[in-house]
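Quantities reported herein were computed from a predicted structural model and do not represent experimental measurements. Whatever order the structure lists ligands and atoms in, that order sets their numbers, starting from 1.
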Amino acid sequence: MTSCTTIAHPSLAIIKYWGKESHGINIPAVPSLAITLSKLTTTTKVSLCTQADTVTIDGKPQAPDQSNRFFDYVREQTSPECHFKVESTNNFAAAAGLASSSSGFAALALAVSKLCNVSTDLNDISKLARIGSGSAARAVFGGFTSWNKGAESATQLFSPDFWPELRIIICTTISQKKTISSRAAMNQSAQTSPYYQAWIEQSHKLYTQAHKALSHKDLPLLGSLTRQSSMRMFGVMLSATPPILYWNPVSIALLKEIETLRTNGIEVWETMDAGPQIKCICLLPDVPVIVYALSKIIDTNNIVVDSVGTGVTFY
Ligand code: PMV
């Protein structure tokens, strides 16, 4: 076998991973909880080659520093001769705060492991994917996932069919590439925010509460914790030096609209990642009224109603 194609979906954190115990190999300083999405998809073809590694995403060549560490790690585990040609495509905006690196490295880890004849056990794939991007450790698994503080790999908490009515509404406010990567922003937060230690200290409690709320399918509680985790993460970013601000005016208009919906009794809860996009969790019957309200602010072409998806697979 000289080439292999895999597909994966982004991991949307409801309790955020923001901070590392160990830099370089992405060991998390906080526990996180996430949903693997379904419609947003990354398809990655990897071919063995003898020259330097090359990566294109949606046809655009990528700088080697994005994946060097990942490939070097693979070579340490396999053979120094192995090099890879990677062609990856997304059906959504890449590097814009929609967790494309989570699905990208999950897909890459499975394809590379298959090509190099190393273990394709999902725990091992999760461990490897994590080297490329922390959140990729979770995207390897479908359904609802957890990644503990200090852990080398993530785990599946509940399968994709655990909560069939749950929906995730994804609003893309702008598809431009972000100006600061999550890796750089995370390091800057840890090194300079006076609130970073408080963030680490509160994370376990938030995670435990969210885990319980999820197991009871308690949307109001889970939603409120989801919002808290994301806002607290931004509290850390905003208090970094220099401050990190991913939001744009459309993000704020959407946040306000979601707040109004809640005031009017609609159960909808927002979260954001390292980018200006808004994702909300809600239940299926409320989708039409929520999409109608959000479409007053952004075009419906930029709204995706998603559900819980499966983990990484071969194409
Ligand atoms: O794994 P990275 O480097 O893409 O960082 C992910 C950071 C967040 O998306 C903001 C949070 C998370 O848990 O996915």
Side-chain angles (χ1 to χ4, degrees), residues 8-37 40 42 57 62 65-67 69-70 90 92-109 126-141 144-149 151-154 157 168 170 177-178 180-190 193 196 199-200 203 206-207 210-211 225-238 240 244-247 251 270-279 281:
H9 308 283
S11 168
L12 171 67
I14 48 181
I15 298 298
K16 304 296 182 189
Y17 150 60
W18 195 254
K20 301 174 199 208
E21 253 178 23
S22 163
H23 290 265
I25 55 163
N26 297 337
I27 297 293
V30 293
S32 59
L33 204 69
I35 300 170
T36 302
L37 298 176
L40 272 53
T42 301
I57 297 180
Q62 302 295 303
D65 62 316
Q66 304 291 321
S67 44
R69 194 178 295 146
F70 176 90
N90 298 299
F92 61 99
L98 291 170
S100 60
S101 65
S102 68
S103 45
F105 278 103
L108 186 58
S126 175
K127 232 173 169 176
L128 173 60
R130 187 205 82 231
I131 303 291
S133 160
S135 53
R138 300 183 313 237
V140 165
F141 300 96
F144 299 84
T145 62
S146 153
W147 186 26
N148 277 318
K149 169 181 155 62
E152 289 192 328
S153 57
L157 287 177
I168 305 98
I170 301 149
K177 198 174 165 181
K178 56 189 150 197
I180 173 166
S181 70
S182 54
R183 186 185 297 172
M186 219 183 272
N187 291 346
Q188 196 166 306
S189 302
S193 168
Y196 181 70
W199 159 258
I200 300 291
S203 67
L206 211 58
Y207 170 87
H211 189 173
L225 296 164
T226 298
R227 185 171 178 236
Q228 244 172 48
S229 176
S230 155
M231 287 297 178
R232 287 181 184 178
M233 175 181 74
F234 285 110
V236 173
M237 288 192 218
L238 290 171
I244 303 153
L245 180 62
Y246 282 113
W247 305 2
S251 328
E270 72 277 20
T271 185
M272 293 177 73
D273 291 284
Q277 328 301 1
I278 307 279
K279 301 102 183 193
I281 54 172

Please check if the side chain of E152 supplies one atom and the backbone of I27 the other of a donor-acceptor pair under 3.5 Å.
-> no
4.0 Å heavy-atom contact, A99 with ligand 1 = no
Salt-bridge test for E270 and K279: reply yes if a basic N is under 4.0 Å from a carboxylate O, no otherwise.
-> no
Which ligand 1 atoms does S101 reach within 4.0 Å, using its non-hydrogen atoms?
-> 4 (O)
Can you find an N/O atom of S11 closer than 3.5 Å to an N/O atom of ligand 1?
-> no
Does D273, backbone or side chain, put an N or O under 3.5 Å from an N or O of ligand 1?
-> yes
If only atom types and distance count, is the side chain of D273 paired as donor or acceptor with the main-chain N or O of G97 below 3.5 Å?
-> no
Just let me know how S182 lines up against ligand 1, side chain, backbone, both or neither, with a heavy-atom cut-off below 4.0 Å.
-> side chain
Any sub-3.5 Å donor-acceptor pair from S103's side-chain atoms to A8's backbone N or O?
-> no
Got a donor-acceptor contact below 3.5 angstrom from the R69 side chain to the G24 backbone?
-> yes
Atom 1 (O) of ligand 1: which protein heavy atom is closest, and how many Å away?
-> S135 N, 2.7 Å
Quick one: does A136 get an N or O within less than 3.5 Å of an N or O on ligand 1?
-> no
Atoms of ligand 1, numbered as shown, that sit under 4.0 Å from any heavy atom of S133 = 1 (O), 2 (P), 4 (O)
Pull out every atom of ligand 1 sitting under 4.0 Å from any heavy atom of A13, numbered as shown with elements.
-> 12 (C), 13 (O), 14 (O)
Note: ligand 1 atoms sitting under 4.0 Å from heavy atoms of G134 are 1 (O)
Under 3.5 Å donor-acceptor, W199 side chain and S203 backbone = no
How close does the nearest protein non-hydrogen atom get to atom 7 (C) of ligand 1, and which residue and atom is it?
-> Y17 O, 3.7 Å
Paired with R138, the side-chain hydrogen bond (donor to acceptor under 3.5 Å, both in side chains) test is passed by just one of S102, S146, S126, S32, namely S32
Check: S189 side chain, A185 main-chain N or O, donor-acceptor pair, under 3.5 Å = yes
Identify, by atom number and element, the atoms of ligand 1 in contact range of R138, meaning under 4.0 Å from any of its heavy atoms.
-> 12 (C), 13 (O), 14 (O)
